[in-house]
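Reading through the structure tokens given below for one structure.
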Amino acid sequence: MAVYTDVAAEELADFLKAYDIGEVLSYKGIAEGVENSNYLLHTTSGSFFLTLYEKRVAIDDLPFFLGLMGHLATHGIVCPQPVKARNGETLGRLAGRPAAIIDFLEGVWPRKPNVAHCAAVGAALAKLHLAGRDFSMKRVNALSVSSWRPLFEQVGACADTVQPGLHDFLKAELDHLEAYWPRELPGGVIHADLFPDNVLFLSDRLSGLIDFYFACHDFFAYDVAICLNAWCFEPDHAFNVTKARALLGAYHRERALSEAEQAALPLLARGAALRFLLTRLVDFLNVPAGALVKPKDPLEYVRKLRFQQRVGGVRDYGVAILGPVA
Ligand SMILES: Nc1ncnc2c1ncn2[C@@H]1O[C@H](COP(=O)(O)OP(=O)(O)O)[C@@H](O)[C@H]1O
Ligand SMILES: N[C@@H](CCOP(=O)(O)O)C(=O)O
């Protein structure tokens, strides 16, 4: 459950006066997600999603996120569209937080992703990267390699209360990544959080991408690495090369991964694992009093990072070097 900010019915009714989406019939806090306060909103005009943006979303970044969703839709990417108030604005303020209403997408996120899901996500990610090439707004990745040491220092010795020895493990990994992080790879707009809970399916068809609140400019292959970690491990923590091959192959057919991107993938996957390990650690150690949220397990990403540390090359992802696309 992620509701950090409660919304009183009177506040909501007043907020909705600025919109042309009918009268409230019901609104309920959403049990999923950990970053923002989300409500499923039913009005006499239909179903919507109301999001109150919390600590990790900077208000100045919201025009980028909301503008990106609008831009991607013009390129055929199915994603939520921000609802404009009568004054044309997509961003408002509710219960003391920046807030927006976006349309509700039908679909279910896969709790047990299969190989077909991984192929669909690989293709969708490549299409998203291509669609973002002419998006005019820019946003630096606030959670790239330069942000990881401050997160590590914020956690400090408390890391060892989560797992003995974790502090030194994190420090060694951070030193390595800062020393070897790639300087130059193809980049552009990336989603940066395309986990299964942010990809909706209707039956076996991918029906929508959601949660663009970490979207930014960074290496395309880094976004691929995030998906390798998020989609290609089994509940018993084993890496599934069939899923990885499906995801990488589908991506490559839409947007060819260069040899340099393929060579960098294992290191990028280590960085992607460390990034989510650090934010999960911070959240795990700092659950706000009274917040209705179930923090995600940092140790899941310790295991994923240890796997990625042992990867020697893309062959360990089940693919030979991906050649030119026919
Ligand atoms: N526009 C939408 N349409 C349908 N479901 C949505 C939409 N946005 C979010 N959800 C649902 O709410 C959950 C939490 O949303 P998400 O944006 O991931 O949370 P957070 O704001 O914490 O990142 C998602 O996993 C999904 O199930
Ligand atoms: N996907 C991240 C945390 C952010 O999750 P969200 O559902 O709030 O977008 C993770 O799994 O650590």
Side-chain angles (χ1 to χ4, degrees), residues 1-5 21 27-42 46-58 61-62 65-66 68-70 72-73 77-83 90 97-111 113 121 142-143 148 151 162 190-202 206-216 223 225-231 233 271-288 291-305:
M1 164 65 83
V3 174
Y4 298 94
T5 304
I21 57 171
Y27 67 111
K28 294 183 178 62
I30 288 289
E32 293 153 329
V34 295
E35 293 295 336
N36 301 303
S37 299
N38 291 298
Y39 293 84
L40 178 53
L41 171 65
H42 292 303
S47 299
F48 302 90
F49 218 78
L50 167 66
T51 296
L52 281 72
Y53 300 100
E54 304 291 353
K55 68 177 188 310
R56 233 176 232 128
V57 177
D61 287 336
L62 284 164
F65 301 137
L66 299 171
L68 176 61
M69 290 192 273
L72 292 174
I77 304 295
V78 181
C79 58
Q81 294 307 290
V83 176
T90 55
R97 302 300 306 167
I101 296 175
I102 61 177
D103 57 21
F104 182 84
L105 296 188
E106 296 298 342
V108 178
W109 67 266
R111 272 64 176 179
V121 164
L143 284 168
W148 300 341
L151 285 171
V162 177
I190 70 169
H191 183 283
D193 186 30
L194 204 60
F195 280 58
D197 63 356
N198 291 330
V199 182
L200 304 179
F201 286 82
L202 282 170
L206 193 150
S207 60
L209 305 181
I210 62 172
D211 194 2
F212 287 80
Y213 304 118
F214 287 116
C216 57
D223 222 7
I226 289 169
C227 287
L228 279 176
N229 286 333
W231 289 83
F233 283 86
L274 182 66
R275 171 264 185 255
F276 287 98
L277 169 48
L278 287 168
T279 50
R280 288 189 175 196
L281 262 179
V282 168
D283 292 350
F284 186 82
L285 294 167
N286 299 279
V287 179
L292 294 172
V293 61
K294 182 175 181 296
K296 297 188 175 182
D297 179 10
L299 297 184
E300 174 190 349
Y301 270 76
V302 171
R303 287 186 285 266
K304 291 180 178 182
L305 177 49

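Just so you know, ligand 1 is whichever comes first in the structure, and atom 1 is the first atom listed for that ligand. The analysis underlying the following values was restricted to heavy atoms, covering all of them including side chains, and did not include hydrogens, waters or symmetry mates. Everything numeric in this text was worked out from a predicted model, so none of it was measured.
The nearest heavy-atom contact from the protein to atom 3 (C) of ligand 2 is V34 CG2, 3.8 Å. When hydrogens are left out, the protein atom nearest atom 5 (O) of ligand 2 is K296 NZ, 3.5 Å; that is the closest non-hydrogen contact. Looking only at protein heavy atoms, the nearest one to atom 11 (O) of ligand 2 is R280 NH2, 2.7 Å. For atom 9 (O) of ligand 2, the closest non-hydrogen atom on the protein side is D211 OD2, 2.3 Å.
To the nearest 0.5 Å, the span separating CZ on F195 from CD1 on I226 amounts to 7.0 Å.
Taking the centre of each ring, F48 and F104 stay at or above the 6.0 Å mark. Note: Y39 and F49 fail the aromatic proximity criterion, with ring centroids not under 6.0 Å apart. In this structure, F212 has its ring center closer than 6.0 angstrom to the ring center of H191.
Judged purely by distance below 3.5 Å, without hydrogens or angles, the side chains of E54 and T5 pair a donor atom with an acceptor atom.
Counting only distance, with no hydrogens or angles, the side chain of N38 and the backbone of I30 share no donor-acceptor pair below 3.5 Å. A distance-only check finds no donor-acceptor pair linking the side chain of N198 to the backbone of L194 [under 3.5 Å]. Side chain of W148 to main chain of L143: a donor-acceptor pair is present (N/O by atom type, distance under 3.5 Å, no hydrogens or angles). A donor-acceptor pair under 3.5 Å links the side-chain atoms of K304 to the main chain of N229, judged by distance alone.
Ligand 1 has F49 within reach: a non-hydrogen atom of the residue lies less than 4.0 Å from it. The shortest heavy-atom distance from D283 to ligand 2 is not under 4.0 Å. Heavy atoms of T51 stay at 4.0 angstrom or farther from ligand 1. Note on ligand 1: D193 sits outside its first shell, no heavy atom being nearer than 4.0 Å.
Ring orientation note: the planes of F65 and Y213 are nearly perpendicular, at an angle over 60° on the 30°/60° scale.
When non-hydrogen atoms are compared, ligand 2 lies under 4.0 Å from the side chain of D197 (C-beta onward) but not from its backbone. The residue N36 has no part lying near ligand 2, judged by heavy-atom distances below 4.0 Å. For D193, every heavy-atom contact with ligand 2 shorter than 4.0 Å involves the side chain, none the backbone. Here E35 has heavy atoms under 4.0 Å from ligand 2 in both its backbone and its side chain.
An N or O contact shorter than 3.5 Å is missing between T279 and ligand 2 by distance. Looking at I30 next to ligand 1, no N or O pair under 3.5 Å apart turns up. Considering backbone and side-chain atoms alike, Y213 places every N or O at 3.5 Å or more from each N or O of ligand 1. The shortest N/O to N/O separation between P80 and ligand 1 does not fall below 3.5 Å.
The contact set between ligand 2 and F195, taken as ligand atoms under 4.0 Å from a residue heavy atom, comprises 1 (N), 10 (C), 11 (O). Shown in contact with N198 at under 4.0 Å from a heavy atom are these atoms of ligand 2, numbered in order with element: 9 (O). Every atom of ligand 2 is numbered from 1 in the order shown, and the set under 4.0 Å from a heavy atom of F276 is 2 (C), 10 (C), 12 (O).
For the side chain to side chain contact (heavy atoms under 4.5 Å, CB included) criterion with F284, the lone passing option out of T279, D297, L299, V162 is V162.
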